[in-house]
> 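There's a structure below that I have some questions on.
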Amino acid sequence: MVLLTVWVLILFIGVSSAIRHPLRSNGKLTRREVTFINGSDYPASEIKIPIDHYNSSDSRTYSNRYWINSKYYRSGGPVFYLDSGEQNAEPLVPYFLYEVAGPSAVMSLARRFNGLALIFEHRFYGQSLPFPINTTTGLAEEGYSAYQYLNTEQALQDPVYFANNFQPPGLESSWSSLSPKNTPWVWLGGSYPGVRGAHMRVRNPETFYATWASSAPTQAAVDMWTYYAQAERSMTRNCSADYTAVTRYVDATLSNGTQQEVSDVKYALYQAVLASPGNEQPAINRSEADALSNSDVGNYLLLPLSFYQYYGFEASVQPFCNIMETFNQSNVFTIDNGGTSKAIASESGIASTYNISLAWKSFLTGIAQIDYDSIPYSGDQDENNSWMWQYCSEYGFYQRGNPENPHTIESQFISLALFQSQCNETFPEGLPPSPNVAAPNKYGGWNINPSNIMFASGEYDPWRAYSPTSTEIGSPGRQAIADIPECGVAPPNDTVFGLVYRDMVHVSDMRALLNKSDPNHQNFSTVGFSSPIDAEPFYAGVGLFGMALEKWLPCFGNGSYGRMTFQFPDS
């Protein structure tokens, strides 16, 4: 990817102090793209699930959606369960169960092991709604009390209930053999679904026999200033130096500048945000720019990083850096790119080589040339609210700016207090004073170490900071190893069975994107769980996890499962 103007769906555009929480993959398909994913082509099945699993006197249920593909299933084969997590599951179905645009992990494993593949939708997302959603507010019509049923324990019990009551239409003769008592259920999930899969191996190993957890931040934490630190580490040094210098310059101006200096900074930044190639200085109302809050300004400074989580530095941030560091002359052939002209970009950055005023001007040029204001945002507000409730109540992950970090590229005005105030504004009732991270962390956090699980992360994944392979200060410093543990045996506590994919970012391995002519690979409701950069993580992950299953599956049911043979369907 070169032109960022084609990538949509997680970018905040507009005058607001709202902050983005990048673990979510938001978005609706455009009119053109809907023709490529027709939900009626992939009908869902439904199961009635208790709204409250822990109150026997509450008989209320709701309909939870799921989809299956039994193409490779042979009686007695494993069930490969893909958890869709905090989004509408429907857009994932053609890509994961029918392998549109490239192979998927869930179908590759079903093919290899004669298994049944399925996708399960999370409560409070898509159409799996315990309570109706008000289309105007995006909140449950039941009120704030509805969200007491959206927590770690209720959501984890849903798949357990589902697995033990699984009776898929069309497979009536196999209902008994599909029980987790009689066949292995294998969990696949990336990001938050990966966390859930890891929790399952601790909480319900009798239901889910094995897990592949990709990019799973198992350590819940309120303060996640490290999120943008990973992005900074992946940058070229001159771009990092200038980004840091610009951020500190803007923060200092907002904190200590004169009224005119503050107004000038806001005006210049807002004009750059609304600019486009060929119209670099659009006419704007200064009073409108002056109305920007400090956190609005901080959000706009992060625009070049809007797509970093899935696309990494080279495919998302580098085009901006090239414009900034070359004074918008990235097409000039210098000694750096095979020409004879003098190098434009200084290794130490513009601010160090020249001055901060020139670095600020170059930063603004990069914002204007990438044309961020042309990128539409269309998130499903009800799903945004559902995930907001989850991180405000239990998971935290407040991605604040840390002024004590000498390489900070995030404004200090994106603060913990800002996150908490927006949580309280959206949900004035029902939230704890601060996220109760102890609820998910009781399963182990950074130190989670069940048997029969593979963890995988991208080297520069922002969420690796809170995954079992974290290298951050304060983490246990566990090493990823590819030696497959024995079935039912956890690896040594200072290690993690799995992979760290070099140069990769978030959830690079759940499917391989081979057909890039499909417009939906640009859509974050479908691109999630795959790498639009490189298919190598997918093949490495599927290969190692498949080898692990060959070792683990024969142990299921005191070895009785070992009598089964696995072969390719037509061999």
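What you see is a predicted model; the values in this text were computed from it and never measured. Just the heavy atoms: all of them, side chains too, but no hydrogens, waters or symmetry mates, feed the values below.
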> Donor-acceptor check, side chain of Ser108 to backbone of Ala105, threshold 3.5 angstrom: yes or no?
no
> With ring pair (Phe, Tyr, Trp, His ring centres under 6.0 Å) as the criterion, how do Tyr209 and Trp552 come out once you've worked through the C-alpha distance, each side chain's angles and the decisive distance to 0.1 Å?
CA-CA 9 Å; Tyr209 182 72; Trp552 297 340; 7.8 Å; no
> One pair to check against salt bridge (charged side-chain N to carboxylate O under 4.0 Å, His left out): Glu536 and Arg502. What are the steps and the verdict?
CA-CA 10 Å; Glu536 185 175 333; Arg502 183 177 179 181; over 6 Å; no
> Pairing donors with acceptors under 3.5 angstrom, does anything connect the side chains of Asp158 and His53?
yes
> In this structure, is the centre-to-centre distance between the rings of Phe124 and Tyr149 below 6.0 Å?
no
> Using a 4.5 Å cut-off on heavy atoms from C-beta on, say whether the side chain of Pro103 contacts that of Arg511.
no
> Less than 4.5 Å apart, any side-chain heavy atom of Arg478 and any of Trp446?
no
> Check the pair Phe427 / Ser393 against side chain to side chain contact (heavy atoms under 4.5 Å, CB included), numbers first and verdict last.
CA-CA 10 Å; Phe427 298 100; Ser393 62; over 6 Å; no
> Are any of the side-chain heavy atoms of Met200 and Val160 separated by less than 4.5 Å?
yes
> Just so I know, are the side chains of Thr471 and Arg464 near enough to count as touching, which here means a heavy-atom distance under 4.5 Å?
yes
> Would Arg400 pass as a cation-pi partner of Phe419, given that its NZ or CZ must be under 6.0 Å from the six-membered ring centre and within 45 degrees of the axis?
no
> Output yes when a side-chain donor or acceptor of Trp175 lies under 3.5 Å from a complementary backbone atom of Pro168, and no otherwise.
yes
> Is a side-chain donor or acceptor of Asn449 paired with a backbone partner of Ala490 at a separation under 3.5 angstrom?
no
> Is Glu425 reaching over with its side chain to a backbone N or O of Cys423, donor-acceptor style, under 3.5 angstrom?
no
> Indicate whether the side chain of Tyr395 and that of Thr152 have a donor and an acceptor atom separated by less than 3.5 Å.
yes
> Could you give me the CA-CA distance, side-chain angles and deciding distance for Glu206 and Asn204, then say whether side chain to side chain donor-acceptor pair (under 3.5 Å) is met?
CA-CA 5 Å; Glu206 77 290 347; Asn204 295 98; 3.0 Å; yes
> With a 4.5 Å limit on heavy-atom distance, are the side chains of Tyr147 and Leu139 in contact?
yes
> For a quick check under 3.5 Å, do Asp52 and Gln154 share a side-chain donor-acceptor pair by atom type?
yes
> Got a salt bridge between Arg111 and Glu99, using NZ or NE/NH1/NH2 to carboxylate O under 4.0 Å?
yes
> Before giving the answer on side chain to side chain contact (heavy atoms under 4.5 Å, CB included), spell out for Leu116 and Thr183 the whole-Å C-alpha distance, their side-chain angles and the decisive distance to 0.1 Å.
CA-CA 11 Å; Leu116 178 71; Thr183 198; over 6 Å; no
> Around atom CG of Asn55, are there more than 12 heavy atoms of other residues, nucleotides or ligands at under 6.0 Å?
yes
> Report yes if some heavy atom in the side chain of Tyr398 is under 4.5 Å from a heavy atom in the side chain of Tyr391; otherwise report no.
yes
> How far apart are the C-alpha atoms of Ser508 and Asp534, what are their side-chain angles, what is the distance that settles it, and do they pass the side chain to side chain contact (heavy atoms under 4.5 Å, CB included) test?
CA-CA 8 Å; Ser508 304; Asp534 194 338; over 6 Å; no
> Looking at Phe556, Phe80, Tyr81, Phe120, which one forms a ring pair (Phe, Tyr, Trp, His ring centres under 6.0 Å) with Phe208?
Tyr81
> Can you confirm whether Lys551 is buried at NZ, in the sense that more than 12 heavy atoms of other residues, nucleotides or ligands lie under 6.0 Å from that atom?
yes
> Applying the ring pair (Phe, Tyr, Trp, His ring centres under 6.0 Å) test to Tyr227, which of Tyr308, Phe397, Tyr466, Trp463 qualifies?
Trp463
> Within the supplied structure, the quantity of interest is the number of heavy atoms (other residues, nucleotides, ligands) at a distance under 6.0 Å from Gln148 CD; does it exceed 12?
yes
> Less than 4.5 Å apart, any side-chain heavy atom of Leu109 and any of Val186?
no
> Under a 4.0 Å N-O cut-off, is there an ion pair linking Glu90 with Arg65?
yes
> Do any N or O atoms from the side chain of Trp185 and from the backbone of Ala163 form a donor-acceptor pair under 3.5 angstrom?
no
> Salt bridge or not between Glu394 and Lys442? Use side-chain N to carboxylate O under 4.0 Å.
no
> Got a donor-acceptor contact below 3.5 angstrom from the Ser104 side chain to the Met107 backbone?
yes
> What pair of heavy atoms forms the shortest contact from Phe538 to Asp509, and how long is it?
CD1-O, 3.4 Å
> Quick check: do Val195 and Pro217 have side-chain heavy atoms less than 4.5 Å from each other?
yes
> For Ser128 and Asn64, indicate whether the former's side chain and the latter's backbone hold a donor-acceptor pair under 3.5 Å.
no
> Where the side chain of Gln219 meets the backbone of Gly445, is there a donor-acceptor pair that is under 3.5 Å apart?
no
> Just by modelled atom types, is the Glu459 backbone N or O under 3.5 Å from a matching donor or acceptor in the Gln230 side chain?
yes
> Could you grab the distance from atom OH of Tyr125 to atom OG of Ser386, nearest 0.5 Å is fine?
5.0 Å
> For a side chain to side chain contact (heavy atoms under 4.5 Å, CB included) check, start with the C-alpha distance between Glu46 and Gln127, then their side-chain angles and the critical distance, and finish with the verdict.
CA-CA 10 Å; Glu46 293 184 346; Gln127 297 300 316; 5.9 Å; no
> Please check if the side chain of Asp83 supplies one atom and the backbone of Gly189 the other of a donor-acceptor pair under 3.5 Å.
no
> What distance do Ile453 atom CD1 and Arg201 atom CZ have between them, rounded to the nearest 0.5 Å?
7.5 Å
> Do we see a donor-acceptor contact under 3.5 Å between the side chains of Gln87 and Trp387?
no
